[in-house]
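The next block holds one structure in the form of structure tokens; read it before the comments.
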Amino acid sequence: MIPLITLSHGSRKASAAAGITALTQETGRMLGVDAVEAHLDLSEPSLDDVVRKLSAQGVTKAGLVPLLFSNAFHAKVDVPAAVKDAQEKYGVELLVGPHLGTGSDVAAVLGEKLKADAPADAHVILYSVGSSHISANEAVIELGETLSRLSGHSVEVVPATGGAGAGGAGVIEVAAAHKVVHILPLFVTEGLLLDRVLDQLPNISAATGAALTFSTPLSTALAPLVAAR
């Protein structure tokens, strides 16, 4: 069996890597293969580091799954560039599977999170990273609509980045209109973008009167999806 590489964006928050490691190890266990994580930026090891070590071990072929939800710049530019560079430098063929995406399987994982974590009467904020690509943002909105039909909760997307209506300001706007709000992160692991809004929740609750709850990032819940890729 060929080894598996998971490729995440990376984070400036050091502890974020633990969620990627746990997901990678669980996926490897499910598949019965060796599995190792790599990161595009900000975290170690890089894809170059991982492929160099695999090549030194005699590996000539490996599977790779990008841990990305949107088909935007990272998926279209950064991942292909990193893969091409590593293949050419070390002679290891990288079989790149689909990224995580925003399909029905992701909606099902999010639905299970809501079932476990969200109050029955909660209005749900699907909290995403956000993108400069309109199509990527539209795909997350469609995911929210699918999740609403699946879970029975009303669902509204708030991106962490993107100007007006994003980040803490977006959460405040939603919380002002609903008594009970649950934040569901569309994040593989923890990170500074997510921390910025979660750290504000007590203040947002005090200012709006809304009861605010939240789920943790998806991490190992995504293992069956990564394995299927």
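Starting from 1, each residue takes its place in the sequence as its number.
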Please test L212 against I204 for side-chain contact (heavy atoms from CB on, under 4.5 Å), starting from the C-alpha separation and ending with a verdict. CA-CA 8 Å; L212 299 172; I204 294 173; 3.7 Å; yes
Does any non-hydrogen side-chain atom of [Y] lie less than 4.5 Å from one of [X]?
X    : Y    : answer
P45  : V50  : yes
V171 : Q200 : no
L42  : S11  : no
E142 : T102 : no
S151 : V124 : no
V157 : I125 : no
T6   : L23  : no
D85  : D48  : yes

Can you sort out the partners of [X] under side-chain hydrogen bond (donor to acceptor under 3.5 Å, both in side chains), two or more places apart, ordered by chain and number?
X    : result
R149 : T146
S104 : none
S8   : H39
Q57  : none

Around atom CD of E93, are there more than 12 heavy atoms from other residues, nucleotides or ligands closer than 6.0 Å?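 More than 12 heavy atoms, drawn from other residues, nucleotides or ligands, come within 6.0 Å of this atom.
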Look at atom CZ of F214 and say whether more than 12 heavy atoms of other residues, nucleotides or ligands are closer to it than 6.0 Å. no
Between [X] (side chain only) and [Y] (backbone N and O only), is there a donor and an acceptor less than 3.5 Å apart?
X    : Y    : answer
H182 : L114 : no
T213 : A118 : no
D49  : S46  : yes

Do you know which two heavy atoms are closest between [X] and [Y], and how far apart they sit?
X    : Y    : result
P98  : P66  : O-CD, 3.9 Å
P3   : V59  : CG-CG1, 3.9 Å
T208 : A175 : OG1-CB, 3.6 Å
G28  : A35  : CA-CB, 3.8 Å
G19  : S219 : O-OG, 3.0 Å
L147 : G111 : CD1-N, 3.5 Å

Residue pairs involving [range] (criterion salt bridge (Lys or Arg N to Asp or Glu O under 4.0 Å); sequence neighbours excluded):
range            : answer
residues 27-38   : E26-R29
residues 114-138 : E112-K115
residues 198-212 : none

Tell me every residue that passes side chain to side chain contact (heavy atoms under 4.5 Å, CB included) with A108, counting only those two or more places apart in sequence or in another chain.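 Not a single residue meets the side chain to side chain contact (heavy atoms under 4.5 Å, CB included) criterion with A108.
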Check side chain to side chain contact (heavy atoms under 4.5 Å, CB included) between L94 and all other residues, then give those that pass, not counting sequence neighbours. I5, L47, V51, A62, L64, V83, A86, Q87, V92
Under a 3.5 Å threshold, yes or no: a donor from one side chain and an acceptor from the other, between K113 and T216?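 Result is yes, a qualifying pair exists.
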With a cut-off of 3.5 Å and sequence neighbours excluded, list every side-chain donor-acceptor pair involving residues 186-198.
unit_1 : atom_1 : unit_2 : atom_2 : d
T189   : OG1    : A16    : O      : 2.8
E190   : OE1    : K13    : NZ     : 2.6
E190   : OE1    : S15    : OG     : 2.9
D195   : OD1    : K13    : NZ     : 3.2
D195   : OD2    : K13    : NZ     : 2.7

Is [X] linked to [Y] within one hydrophobic cluster, defined over Ile, Leu, Val, Met, Phe, Trp and Tyr using a side-chain heavy-atom separation of less than 4.5 Å?
X    : Y    : result
L126 : V174 : no
L4   : I2   : no
L31  : L222 : yes
V140 : L150 : no
I183 : I141 : no

Starting from the C-alpha separation in whole Å, work towards a yes-or-no answer on side-chain contact (heavy atoms from CB on, under 4.5 Å) for L110 and L143. CA-CA 10 Å; L110 291 168; L143 173 60; 3.9 Å; yes
With sequence neighbours excluded, what pairs up with D105 under the salt bridge (charged side-chain N to carboxylate O under 4.0 Å, His left out) test?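 If we apply the salt bridge (charged side-chain N to carboxylate O under 4.0 Å, His left out) test to D105, skipping adjacent residues, the hits are R229.
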To the nearest 0.5 angstrom, please state how far the [atom1] atom of [X] sits from the [atom2] atom of [Y].
X    : Y    : atom1 : atom2 : result
I172 : S205 : CD1   : OG    : 11.5 Å
N71  : L100 : CG    : CG    : 12.0 Å
L184 : E156 : CG    : CD    : 13.5 Å

Intermediate values then yes/no, side-chain contact (heavy atoms from CB on, under 4.5 Å), V158 and E173: CA-CA 10 Å; V158 173; E173 184 177 340; over 6 Å; no
Evaluate the side-chain contact (heavy atoms from CB on, under 4.5 Å) criterion for residues N137 and H133: first the C-alpha distance (whole Å), next the side-chain angles of each, then the deciding distance (0.1 Å), finally the verdict. CA-CA 7 Å; N137 293 326; H133 288 235; over 6 Å; no
Qualifying residues under ring-ring contact (aromatic ring centres under 6.0 Å, His included), relative to H123, sequence neighbours excluded: H178
